[in-house]
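Working notes for the structure below.
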Amino acid sequence: MDPTEIRQRGEAVLSAHRFWPRDAPGTRRNIVDAALATFASRGFHGSTLKDISNGSGLSTAALYVHFASKEDLLFEISRHGHAVALAILEGAVAEATSAAAELDLMVYCFTRWHAEQKTLAYVVQREWMGLNTDHHEAVRALRSRIQACVRSVLTRGASTGELDVPDVRSASAAVLSLCIDIARWYEPDGPYTPDAIGQIYMDFARRLFGVDRAGPVPSGSEHFGVDQPSLPAPTVNS
């Protein structure tokens with residue numbers, strides 16, 4: 001698929017899988033949005049229900065009508081956020097007709113989603129370890145399905161010869177890490193649009209797995225020019 005087709009198909013996948021349904025209750029949405037902003041800025045353990053109630057414009061007592069605890073709020077965000085991420089990957093795979101095309105659209109969509117939904121993605125990927133045992137296992141199951149989806153594409157590509165994948169397990173971890181880390185550093189007012197990031201990272205993945213590029217470097221790649229800042233280096237935690 002060329003960059004224009006990737007963009008069109010990617011937008012169809014992303015628009016079909018939103019975090020909030022159009023008919024989502026307003027009050028519940030306000031609470032979750034406030035929790036997202038609070039968890040993103042303070043972390044789950046550094047946040048209180050008072051912080052969230054202040055952000056939502058509701059009293060702390062009113063929050064208990066919708067959520068039993070701060071942890072319950074985190075589970076709502078983590079469970080639904082991971083479910084949307086999985087649906088996006090599965091939707092991208094369903095839109096493609098070959099393993100190489102699946103890789104293209106999967107990386108484009110997953111990357112673009114982590115840029116467009118930066119706050120949600122950051123909280124979903126970073127804070128889920130704060131969940132209690134039952135909730136933790138429920139989210140872990142979704143994460144396993146996400147990994148399995150990526151591995152299935154790479155396995156298929158390796159079997160058909162479309163992709164050069166020496167080790168599927170480590171290769172899937174590399175692809176997911178590449179996409180997920182965008183939520184850490186991406187800035188909406190920076191030089192990269194979500195579409196440009198999606199196209200650039202798609203090209204990275206094609207090179208990583210030995211897929212011959214057809215045509216010019218993807219749209220948005222003018223950001224590779226010498227007058228543009230380079231992509232940030234990853235942070236390594238000691």
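Predicted model, so just to flag it, every value in this text is computed and none were measured.
Between the side chain of Asp51 and the main chain of Thr48, a donor-acceptor pair closer than 3.5 Å is present. A donor-acceptor contact shorter than 3.5 Å is absent between the side chain of Ser177 and the backbone of Ala174. In terms of modelled atom types and a separation under 3.5 Å, the side chain of Lys70 and the main chain of Ser47 share a donor-acceptor contact.
Remark: His17 NE2 to Glu90 CD distance equals 8.5 Å, nearest 0.5 Å. A distance of 6.5 Å separates CD of Glu71 from CG of Leu74, quoted to the nearest 0.5 Å. Taking NE2 of His66 as the start and CG of Asn30 as the end, the distance is 9.5 Å to the nearest 0.5 Å. Note that CZ of Arg9 and CG of Leu105 are 7.5 Å apart. Values are rounded to the nearest 0.5 Å. Considering CG of Leu63 and OG1 of Thr27, their distance stands at 10.5 Å, rounded to 0.5 Å. Note: Ile197 CD1 to Glu116 CD = 11.5 Å, rounded to the nearest 0.5 Å.
For the residue pair Gln125 / Arg143, a side-chain donor-acceptor distance below 3.5 Å is found, with atom types taken as modelled. For Ser172 and Arg151, the side-chain atoms include at least one donor-acceptor pair closer than 3.5 Å. With hydrogens and angles left out, the side-chain atoms of Asp167 and Ser170 include a donor and acceptor closer than 3.5 Å. Side-chain polar atoms of Ser69 and Asp72 form no donor-acceptor pair below 3.5 angstrom. Arg79 and His135 are not linked by any side-chain donor-acceptor pair at a separation below 3.5 angstrom, with hydrogens and angles left out of the test.
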Q. Do Glu5 and Glu95 pass the side chain to side chain contact (heavy atoms under 4.5 Å, CB included) test, and can you show the C-alpha distance, the side-chain angles, and the key distance before you say yes or no?
A. CA-CA 11 Å; Glu5 186 178 4; Glu95 279 284 321; over 6 Å; no
Q: Could you go through the salt bridge (charged side-chain N to carboxylate O under 4.0 Å, His left out) check for Arg28 and Glu76 one step at a time?
A: CA-CA 11 Å; Arg28 192 175 181 88; Glu76 171 81 359; 3.6 Å; yes
Q: Evaluate the criterion side chain to side chain contact (heavy atoms under 4.5 Å, CB included) for residue pair Arg126 and Phe44; output intermediate values, then yes/no.
A: CA-CA 9 Å; Arg126 180 185 178 190; Phe44 171 69; over 6 Å; no
Q. Where do Cys149 and Val93 land on the side chain to side chain contact (heavy atoms under 4.5 Å, CB included) test, with the steps shown first?
A. CA-CA 9 Å; Cys149 183; Val93 171; 4.1 Å; yes
Q | Worked verdict on Thr111 versus Met202 for side chain to side chain contact (heavy atoms under 4.5 Å, CB included) | A | CA-CA 8 Å; Thr111 300; Met202 180 186 72; over 6 Å; no
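Nearest approach of Ile31 to Ile52, heavy atoms of both residues: O-CG2, 4.0 Å. The two residues Leu36 and Leu120 come nearest to each other via the heavy atoms CD2-CA, 3.8 Å. Closest approach of Cys179 and Phe110 over heavy atoms only: CB-CD2, 3.6 Å. Taking both residues in full, the closest heavy atoms of Tyr186 and Tyr192 are given as OH-O, 2.8 Å, listed atom of the first, atom of the second, then distance. Scanning both residues, Thr119 and Ala40, for their nearest heavy atoms gives CG2-CB, 3.7 Å. Taking both residues in full, the closest heavy atoms of His136 and Leu131 are given as N-CB, 3.8 Å, listed atom of the first, atom of the second, then distance.
Each of Val32 and Tyr122 belongs to its own hydrophobic cluster when Ile, Leu, Val, Met, Phe, Trp and Tyr are linked at side-chain heavy-atom distances under 4.5 angstrom. At a threshold of 4.5 Å between side-chain heavy atoms, the hydrophobic network of Ile, Leu, Val, Met, Phe, Trp and Tyr places Val65 and Ile77 in two separate groups.
For the pair Asp181 and Arg184, the salt-bridge criterion is met [side-chain N within less than 4.0 Å of a carboxylate O].
Here the side chains of Glu127 and Ser78 are not in contact, with every heavy-atom distance at 4.5 Å or above. A heavy-atom distance below 4.5 Å is found between the side chains of Leu103 and Leu154. Contact annotation: the side chain of Phe204 never approaches that of Gln199 to less than 4.5 Å [non-hydrogen atoms, C-beta and beyond]. Inter-residue side-chain proximity for Arg112 and Glu11 is flagged as met; some heavy-atom pair is nearer than 4.5 Å. Side-chain contact check for Arg206 versus Asp104: some heavy-atom pair is nearer than 4.5 Å. Between Tyr108 and Asp195 the shortest side-chain heavy-atom distance falls below 4.5 Å.
Ring geometry for His82 against Trp128 counts as perpendicular: the plane angle is over 60°, on a 0 to 90° scale with 30° as the lower cut.
For Arg145, the CZ atom counts as loosely surrounded, since its 6.0 Å shell holds 12 or fewer non-hydrogen atoms of other residues, nucleotides or ligands.
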